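Note sheet for the following structure.
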Amino acid sequence: MNVLEMFRLDGKLAIVTGGSGQYGRQMALALAQAGAKVCIASRNAEANAEYVDSLRTQGLDVFCEVLDQGDPQSIASFVNRVHGLTGKIDVLVNNAVFRGMQHDEDWQGFTTSLRINGVGFSDLTMKIAKMMAENGGGSIINIGSYMGILGGDDTLYRDTGMTELKDFAPDYFYHKGGMTNYTRFMASKFGPQQVRVNVLELGGLYNHQPEKFVERYSDRTFLKRMANHTDVMGAIVYLASDASAYVTGAVIPIDGGYSAK
């Protein structure tokens, strides 16, 4: 087989949760460009539809579905609808995240975000992993964060007008840290059925943050910049495709070297 053909996703069905978000857009685009039929899923039906329309003008095979990851009935219905299209799901990109906790003692906020980022995430992943196992395999790509493998650095935020670490709620760190080891568990559980599960620990994406923050963050990386709108595309296609057929349980930072210091 030609090595470039190993990266093709023709005939595969891929789901990207949070696919119309900042990072999700490039993930969905990359999978579609590689030949997959891509489902963009989240609670934001309007944003999903707008992005799908823009991708279809490029001749890409994409569609959208509403998914409320905090509602078990919505998850079950979504999985059944998408699976019913072709009888299989080949790729799942778990990119959706909810940051609802406002302060350290916000029990309601923590419960809500845990329901979505923990319980709902696990429910969706387990349902699809079982379907993949029955169909001979698949690839699950969890989207983590450097905040799930490192402690916070308050020096980045001081005097920028952004929320400082002392005012951060802990739920995002908690969920992303848990996602990392959940990835290893799922990889071990479903490996015999050829379901691969990996996690990408993403760095900060440039989104017009205050100049002082951008300068500090960029200096903290080896590449001296924040992530851009194409930096994750290659890794997503690699993990979704046969090019990574012997890769599972991997924790892969994509952060310009931020976590390597």
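Note that the structure is predicted; figures quoted are calculated from it, not measured.
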CG on Asp231 to CD1 on Ile236, rounded to 0.5 Å: 12.5 Å

Which heavy atom of Leu200 sits nearest to which heavy atom of Ala235, and what is that distance? CD1-CB, 4.2 Å

On a heavy-atom basis, the closest approach of Ser259 and Pro253 is OG-CB, 3.5 Å

Taking the side chain as everything from C-beta on, heavy atoms only, tell me whether Asp104 gets closer than 4.5 Å to Pro170. yes

With side chains defined as the heavy atoms from C-beta onward, is the minimum distance between Cys64 and Tyr51 less than 4.5 Å? no

Donor-acceptor pair, distance only, cut-off 3.5 Å: does the side chain of Asp219 make one with the backbone of Glu215? no

Is the closest side-chain heavy-atom distance between Gln193 and Glu134 below 4.5 Å? no

Taking the side chain from Ser77 and the backbone from Ser74, do they hold a donor-acceptor pair closer than 3.5 Å? no

Any donor-acceptor pair under 3.5 Å linking the side chain of Asp255 with the backbone of Gly204? no

From CG (Asp61) to CG (Leu55), nearest 0.5 Å: 11.0 Å

How would you list all residue pairs meeting side-chain hydrogen bond (donor to acceptor under 3.5 Å, both in side chains) that involve residues 161-171, not counting sequence neighbours? Ser113-Asp171

Is there a donor-acceptor pair under 3.5 Å between the side chain of Thr248 and the backbone N or O of Val197? yes

Any side-chain heavy-atom pair of Phe98 and Arg43 under 4.5 Å: yes

Could you tell me the separation between the CG atom of Asn142 and the CG atom of Asn94, rounded to the nearest 0.5 Å? 5.0 Å

Taking the side chain as every heavy atom from C-beta outward, state whether Met179 and His175 have any atom pair closer than 4.5 Å. no

For a quick test of reading the model, state the closest non-hydrogen atom pair linking Val66 to Arg81 and the distance between them. O-NH2, 3.2 Å

If you apply the rule side chain to side chain contact (heavy atoms under 4.5 Å, CB included), what do you find for Ile254 with Glu201, and how did you get there? CA-CA 6 Å; Ile254 301 186; Glu201 310 288 9; over 6 Å; no

Cation-pi check for Tyr206 against Arg225: NZ or CZ below 6.0 Å from the six-membered ring centre and within 45 degrees of the axis, yes or no? no

Ser145 versus Leu202: any side-chain heavy-atom pair under 4.5 Å? no

Has the side chain of Asn48 got a donor or acceptor atom that lies under 3.5 Å from a matching backbone atom of Ala41? no

Tell me whether Ile116 is reachable from Val93 by hopping between hydrophobic residues (I, L, V, M, F, W, Y) whose side-chain heavy atoms are closer than 4.5 Å. no

Are Met132 and Leu85 connected in the hydrophobic side-chain network, where two residues link if heavy atoms are under 4.5 Å apart? yes

Test of understanding: clusters of I, L, V, M, F, W, Y form through side-chain heavy atoms closer than 4.5 Å, transitively. Do Val199 and Ile143 belong to the same one? no

Give a yes or no on this: more than 12 heavy atoms of other residues, nucleotides or ligands lie within 6.0 Å of atom CZ of Arg216. yes

Testing the basics here: between Ala240 and Ser139, what is the closest heavy-atom pair and its distance to 0.1 Å? CA-OG, 3.9 Å

Parallel under 30°, tilted from 30 to 60°, perpendicular over 60°: which one fits the rings of Tyr217 and Tyr258? parallel

Donor-acceptor check, side chain of Gln26 to backbone of Val232, threshold 3.5 angstrom: yes or no? yes

Hey, are the side chains of Leu9 and Lys12 touching, using non-hydrogen atoms and a 4.5 Å cut-off? yes

Residue pair Val97, Lys176: steps toward the side chain to side chain contact (heavy atoms under 4.5 Å, CB included) verdict: CA-CA 9 Å; Val97 66; Lys176 291 303 183 184; 4.2 Å; yes

Please check if Val38 and Phe63 belong to a single hydrophobic cluster, counting links between Ile, Leu, Val, Met, Phe, Trp and Tyr side chain heavy atoms closer than 4.5 Å. no

Is it true that a side-chain atom of Asp154 and a backbone atom of Leu165 form a donor plus acceptor pair closer than 3.5 Å? yes

Is a side-chain donor-acceptor pair under 3.5 Å present for Thr155 with Asp153? yes

Interatomic distance, Asn228 atom CG to Leu205 atom CG [nearest 0.5 angstrom]: 8.0 Å

Flag if over 12 foreign heavy atoms under 6.0 Å of CD, Glu46: no

Parallel, tilted or perpendicular: which describes the rings of Phe168 and Tyr157, with under 30° parallel and over 60° perpendicular? perpendicular

Atom pair CG/CG of Leu67 and Leu124 - distance to nearest 0.5 Å: 6.0 Å

In this structure, would Leu31 and Tyr238 fall into the same cluster of hydrophobic residues linked by side-chain contacts under 4.5 Å? yes

Closest approach of Arg196 and Ser241, non-hydrogen atoms and distance? NH2-O, 3.2 Å

With rounding to the nearest 0.5 angstrom, report the CZ to OH distance, Arg220 to Tyr146. 9.0 Å

Given 3.5 Å as the limit, does a donor-acceptor pair link the side chain of Arg8 with the main chain of Ala34, or not? yes

Within the 4.5 Å heavy-atom criterion, are Asp123 and Lys127 side-chain neighbours or not? yes

Does Phe121 have its ring centroid less than 6.0 Å away from the ring centroid of Tyr182? yes

Polar side-chain atom of Thr221 near backbone of Lys224 as donor-acceptor pair, under 3.5 Å: yes

Over all atoms of both residues, closest heavy-atom pair of Gly152 and Phe173: N-CE2, 4.0 Å

Are Ile140 and Phe190 close enough, and set up right, to give a side chain to side chain contact (heavy atoms under 4.5 Å, CB included), and what steps lead you there? CA-CA 11 Å; Ile140 297 173; Phe190 288 97; over 6 Å; no

Short N-O contact, Asp90 and Lys88, less than 4.0 angstrom: yes

Under 3.5 Å, is there a donor-acceptor pair between the side chain of Ser122 and the main chain of Val119? no

Checking Val91 against Ile15 for the side chain to side chain contact (heavy atoms under 4.5 Å, CB included) test, could you report, in this order, the C-alpha distance in whole Å, the side-chain angles of both residues, the deciding distance, and whether it holds? CA-CA 6 Å; Val91 179; Ile15 296 170; over 6 Å; no

